[in-house]
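To start, the structure under review is shown below, and the notes come after it.
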Amino acid sequence: MIDNTKSHYEVIVIGAGVAGIYQIKLLADLGVDATVLDAAGDLGGTWYRNRYPGARFDSESYTYGYSFSKELLNEWHWKERFSSQPENLRYLNTVADKFDLRKYMQFNCKVEAAHFDEANDLWHLKIADGRELTSRFVVMAVGLLSIPTPPRLKGMEKFKGHSFHTFYWPQEPVEMAGKKVAVIGTGATGIQVIAEIADKVGDLTVFQRRPNWSAPLNNGPISDADMADIRSRYDEIFATCARTPGGFEHEPDRRGFYEVTREERVALWDRLYDSPGFAIWLRNFREIFTDEKANAEFSEYIADRIRRRVKDQAVAEKLIPRDHGFGVQRVPMETRYFEVYNRDNVHLVDISETPIVEVTETGLRTTERDYDFDIIVYATGFDAITGAFDRIDIQGVGGAKLRDNWNDGPSTFLGMLVHGFPNFLMPSGPQSGSASTNYPRGIETGVNWCTKLLEYMWEHGYTRAEPRLEAQQQWADHVKQMYSAMLMRKAKSWFTGYNSNVPGHEHGKIRYFVYNGGTPKYVGQINEVAANRYEGIVFTSGSTPVHRQDRETSSIAEKIPR
Ligand code: NA7
């Protein structure tokens, strides 16, 4: 049982999702005095919250699960190649129970402020329930997409029916049979929910501002025999994920786009269109990401696929993106999404032509007409990457606010540390390698690295770690420079910091949120920093800078704060 009167910990982990669970597992193994705080009522992060119908992985399930325990890998049976939210939440609960991690977790525990006390190298945290906690280290496992952003529409509070953002889809079943339902938003979430509910509701109206390029997920069951095969190949599977840019099983086609004939290109695309998961995106020619002409040719191929699947060609044309090419934004994967528009009970409203003016008591008003609904679903996305950091009053050295420092975009060292904010660790932070890759693979890398850094500090008796400003600047420049080669730099997407529902996050003010160099390069760089005794980081012991080599080392076990 968690002791609610305890006010100091060596490490406080904020967030009990995929990253927080793994982080506390490692700290528990080391015997460190640590706790996890989460604002939600239970563990699971993304998979605790996003309960909307159709919510599932776009990562192969067996590449999404943790790799750290052979026993766990041998016990867990993924039932689908791309597993759905209820099973994913069950998985995370199983992990927490198997390793007895719940006893370290505190729920309904919203962190409102975290201030660094320079005199004592301590973080002071204010919790919404009135408690004040201190810790030497804070680990931010807050998630990249954990702050939902509903639209800012006039009259939203007036609606007499049921309305919610997909992130807050109710835990109790939502009765949809015979109901008139609106979905606003056609990103990865909207596409999943629309395809799943179209045949379960009375009437479905989709309000689309911009279409997204989307391709079949090609999901399927995993039988006992399949699972036995996967188990026997886990080492190989994780090794493949570690060597591919995206951290998936998918490796890019190394042939040059222009070195092969048009027929060979189409033959590849035909194969990929029928292949599972992100193959269509990540097993493709590398030029798709960088070369306008190559991207345009492939986008046209996908546009034709859409035309073949949608009966009404006027509707098909509305579902084909015009303002960006395939794969320059996060590609939503779909299951019979385009066929939904062949149903009589589904209607597509192009709100780029007839914008929503307001929410009324009974539905939505566009510039063209009024619509009545029982349920309005806002699938309008998230204040991505930095949103969860911005919601906490984080103050570092001299009272500097992180939110102010990151006003025009984040600047970090390796995506894991921030100058001016000592002992503040972000295993999968902004500008780290995880956001643009298979997230849990990146999380394990980040958590391992942060934990090794902590062990190094305990071993040497250091009480404070902070990256040098120049080292951080170099990293931020490196991250920025990598955007220059990518077509995605122009996209109106959360990868570039765009969110029309957050003031100041309009398109055009690009934020360099993610590391685009791919998994192997990222891991190589962070490992090199560690191997060079954390070059770029200044360590201090009791407010005195310590020269690393001056400290003798002995058994770490004796030095870990318990
Ligand atoms: P996304 O990908 O940010 O998509 C949000 C969608 O909602 C997108 O189609 C937006 O259109 C639309 N949107 C947002 N605000 C509005 C307003 N105010 N009016 C109308 N339409 C709006 O979020 P998702 O939740 O789908 O996916 C997020 C990630 O979750 C995904 O990448 C996965 O990694 C998991 P826009 O394009 O801005 O015109």
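Every number for a ligand or one of its atoms is a count from 1 in the order of the listing. By convention here, the first residue in the shown sequence is residue 1.
The environment of Arg336 atom CZ is sparse: at most 12 non-hydrogen atoms of other residues, nucleotides or ligands sit within 6.0 angstrom.
Heavy-atom proximity to Ile351, at under 4.0 Å, picks out these atoms of ligand 1: 20 (C). Atoms of ligand 1 lying under 4.0 Å from any heavy atom of Trp494, numbered from 1 in the order shown and given with element: 28 (C), 29 (C), 31 (C), 32 (O), 34 (O). The distance from ligand 1 to the heavy atoms of Leu145 drops below 4.0 Å at these ligand atoms: 29 (C), 30 (O), 34 (O), 35 (C). Less than 4.0 angstrom separates some heavy atom of Gly381 from each of these atoms of ligand 1: 3 (O), 5 (C), 23 (O), 25 (O). Ligand-side atoms of ligand 1 in range of Arg330: 31 (C), 32 (O), 33 (C), 34 (O), range being under 4.0 angstrom from any heavy atom. Remark: ligand 1 atoms within the under-4.0 Å shell around heavy atoms of Ser500 are 15 (N). Atom numbering of ligand 1 starts at 1 in the shown order; those under 4.0 Å from a heavy atom of Gly185 are 6 (C), 7 (O), 9 (O), 12 (C).
Protein heavy atom at the shortest distance from atom 2 (O) of ligand 1 is Gly187 CA, 3.9 Å. Residue, atom and distance of the protein heavy atom nearest to atom 10 (C) of ligand 1 are Arg209 NH2, 4.3 Å.
Looking at ligand 1, you'll find an N or O of Ala188 within less than 3.5 Å of one of its N or O atoms. In terms of polar-atom proximity, defined here as any N/O pair under 3.5 Å, Lys492 makes no such contact with ligand 1.
Using a 4.0 Å cut-off between charged side-chain N and carboxylate O, Arg322 and Glu317 make a salt bridge. Remark: Glu334 engages Arg309 in a salt bridge, criterion side-chain N to carboxylate O under 4.0 Å. Electrostatic pairing of Arg209 and Asp350 does not count as a salt bridge here, judged by no charged N lying under 4.0 Å from a carboxylate O. The pair Arg307-Glu300 meets the salt-bridge criterion, with a side-chain N (NZ, NE, NH1 or NH2) lying under 4.0 Å from an Asp/Glu carboxylate O.
Inspection of the Tyr515 and Gln525 side chains reveals an N or O donor paired with an N or O acceptor under 3.5 Å. The closest side-chain donor-acceptor pair between Tyr52 and Gln192 falls under 3.5 angstrom. Side chains of Asn284 and His250: no donor on one and acceptor on the other come within 3.5 Å.
Taking the six-membered ring wherever Trp is involved, the centroid distance between the rings of Phe413 and Trp475 does not fall below 6.0 Å.
Using a 4.0 Å cut-off between heavy atoms, Thr186 contacts ligand 1 through both its backbone and its side chain. Heavy atoms of Ile184 found under 4.0 angstrom from ligand 1 belong exclusively to the side chain. Counting heavy atoms under 4.0 Å from ligand 1, residue Ala379 touches it through the backbone alone. Neither the backbone nor the side chain of Ile191 comes within contact range of ligand 1; no heavy atom lies under 4.0 Å. Neither the backbone nor the side chain of Phe207 has any atom closer than 4.0 Å to an atom of ligand 1 (non-hydrogen atoms only). If you look at Asn499 next to ligand 1, there are no close heavy atoms at all, none under 4.0 Å.
The heavy atom nearest to atom 24 (P) of ligand 1, out of those in Thr189, Leu144, Leu153, is found in Thr189. Relative to atom 15 (N) of ligand 1, the option among Thr166, Asn501, Val502 with the closest non-hydrogen atom is Asn501.
Both tests pass for Arg51 against the ring of Tyr48: distance under 6.0 Å to the centre and angle within 45° of the axis.
Among the candidates Val349, Ile184, Leu319, the single residue satisfying the side chain to side chain contact (heavy atoms under 4.5 Å, CB included) test with Gln208 is Leu319. Between Thr244 and the options Glu251, Arg441, Arg283, Glu249, a side chain to side chain contact (heavy atoms under 4.5 Å, CB included) holds for only Glu251.
Contact annotation: Tyr498 has at least one heavy atom less than 4.0 Å from an atom of ligand 1.
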